[in-house]
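Proteins get letters first, then strands, A, B, ... in listed order; numbering begins at 1 in each.
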2 protein chains.
Amino acid sequence: MVRRIEAVSVVEAVGDDIRGRLFAGELVGGTALTEAIVAEEYGVSRSTAKAAIEKLTAEGLLQRDAHKPARVPVLDADDVRDVYRTRMRLESEAIRELAAARSVPPAATEANARVRATGAAASIDSVEPDMRFHAALVVALESPRLERMYLSLVDEVRLCMAQVQGRRLLDVQQIADEHQQILDHIAAGDADAAVQCLHGHLTRASDRLIAALAAAP
Amino acid sequence: MVRRIEAVSVVEAVGDDIRGRLFAGELVGGTALTEAIVAEEYGVSRSTAKAAIEKLTAEGLLQRDAHKPARVPVLDADDVRDVYRTRMRLESEAIRELAAARSVPPAATEANARVRATGAAASIDSVEPDMRFHAALVVALESPRLERMYLSLVDEVRLCMAQVQGRRLLDVQQIADEHQQILDHIAAGDADAAVQCLHGHLTRASDRLIAALAAAP
DNA sequence: CTATGTAAACTTGTCGGACAACGGCGAGAG
DNA sequence: CTCTCGCCGTTGTCCGACAAGTTTACATAG
């Protein structure tokens, strides 16, 4: 057992907290985050506030153009579509490779069990295990670069979710069933079928999100 | 004809120049880039030097851990393999989608013409059109996020090339032929065959690079 | 001789203040 | 009504400073 500790710099701490507020929906799309405001809110210098903002901007969680304050991006239908299309591409490849090896990532089955264990009452609590399921597929390939790319996408997905906060999107049991189908196809080595399932799964999610988005503002 | 101009900030300018030096092989792997050195070299303050370094670090072109100077990464065989595996994943997906639509990106055929036009004498001059060919496949999907991911990979590829500078890697005509095969399969709608070609194409390139890398130091 | 401990030099992290440049907005001139 | 000018907020960049962490060299103890 390794005891892990980690010392985070101030700009990291500030960045992480803002990220949290973004995902929690506390910072709604369009909100302006000036360096001065962030600096004062956290009691840090403008330099570190600037650094934190630029870090988040590089991650795609904030938008900013020169000489203007950073803003929480407002994701429109096109953005959601692109995010989910890109997700699909990465996950498809992951699934193909896993199916070729007929290897089902244990982390994925475990995560899906948690999805199913989620009471139907609280569908919000199911999004975290859901994310973990999908991430497990990509992580299983053990490719640092692919993983980094996928995780940056996940952040944007969380941003989408925050924008339609708490809205019940899909039936939890149905989601779990679809996940299981994908795993079954992988185990059977049927890449095309697995990809097909994923395609439907993500397309439905994307459509629901876009619909919820259109209803929100 | 629109005359495009662009005003870049100082940190951008510094970052771009360092990037250029990295790609030119002027900064060899392992070199330490302290904030003070960069600041003095470009006659800027340490703050902006710091920002430039952090930007490049975020792009993966420099490595750095806390309280230590940034270093030009030394890419080993595993890195090259991962970069090319990831390339393959993104490009495979691109090819599949293009083949499904039987749409051959004009930019790709054009870039490949340039590859073929490269005299056999200067194989170094062929890497730029070669990159453009591969990038054209991904860009054709018109997905901002996928494109951004791919371009970050391209940067790492250029870093690899810089580490084995000028080494003749593959026969230019063979490369052009392989590209053409891929395009033909796309035109025919045969995704699997196209992916198969790409697989061989990139695997050969990766192997050559790794071999050259092993011979270099 | 090795190992330990310590001091010095170097590097980064963060701060505060300063000023120029850029963007937006409203008041006043035409 | 439109255009211009100037004010104000915001960012870009610089400087100087100090704390904290890292590395190196060295001296000392075993």
Distance check needed: [N] [atom2] versus [X] [atom1], whole Å only.
{"X": "B:E35", "N": "D:dC15", "atom1": "CD", "atom2": "P", "answer": "15 Å"}
{"X": "A:D65", "N": "C:dG23", "atom1": "CG", "atom2": "C1'", "answer": "11 Å"}
{"X": "B:E40", "N": "C:dC10", "atom1": "CD", "atom2": "P", "answer": "14 Å"}
{"X": "A:R71", "N": "D:dG9", "atom1": "CZ", "atom2": "C1'", "answer": "13 Å"}
{"X": "B:Y42", "N": "D:dT13", "atom1": "OH", "atom2": "P", "answer": "15 Å"}
{"X": "B:H67", "N": "C:dT11", "atom1": "NE2", "atom2": "C1'", "answer": "9 Å"}
{"X": "A:K68", "N": "C:dA21", "atom1": "NZ", "atom2": "C1'", "answer": "15 Å"}

Exercise for review: Between A:A49 and A:A66, name the one whose nearest nucleotide on DNA chain C is closer to the 5' end.
Suggested key: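 The residue whose closest nucleotide sits nearer the 5' end is A:A49.
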Point to revise | Upstream residue (5' side of DNA chain C) when B:I37 and A:V44 are each assigned their closest nucleotide | key: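 Looking at the nearest nucleotide for each, B:I37 comes out on the 5' side.
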Check your understanding: What about B:R46: does its side chain form a donor-acceptor pair under 3.5 Å with the base of D:dG16?
Key ->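 Counting by modelled atom types and ignoring angles, no donor-acceptor contact under 3.5 Å is found here.
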**Study point:** Under-4.0 Å side-chain N/O to phosphate OP1/OP2 contact, B:S47 with D:dC15
**Key:**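 Indeed not, no polar side-chain atom of B:S47 lies that close.
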Practice item. Determine: side-chain N/O of B:K50 to OP1/OP2 of C:dT12, distance under 4.0 Å, yes or no. Key: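 No, B:K50 has no side-chain N/O under 4.0 Å of OP1/OP2 on C:dT12.
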Review point. Charged N to carboxylate O under 4.0 angstrom, B:E178 versus B:R204?
Key: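 A salt bridge is present here (some side-chain N lies under 4.0 Å from a carboxylate O).
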Review point. Is the shortest side-chain N to carboxylate O distance from B:R85 to A:E97 below 4.0 Å?
Key: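 No, this pair does not count.
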Exercise for review: Measure up the B:H134 and B:H201 rings against each other and bin them: parallel (under 30°), tilted (30 to 60°), perpendicular (over 60°).
Suggested key: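 Rings of B:H134 and B:H201: parallel, under 30°.
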Check your understanding: Does CD in A:E40 sit with more than 12 non-hydrogen atoms of other residues, nucleotides or ligands closer than 6.0 Å?
Key ->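 No - once you tally the heavy atoms of other residues, nucleotides and ligands closer than 6.0 Å, there are 12 at most.
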Point to revise | Options D:dT11, C:dT14, D:dT13, nucleotide nearest the side-chain atoms of A:R64 | key: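 For the A:R64 side chain, the nearest candidate turns out to be D:dT11.
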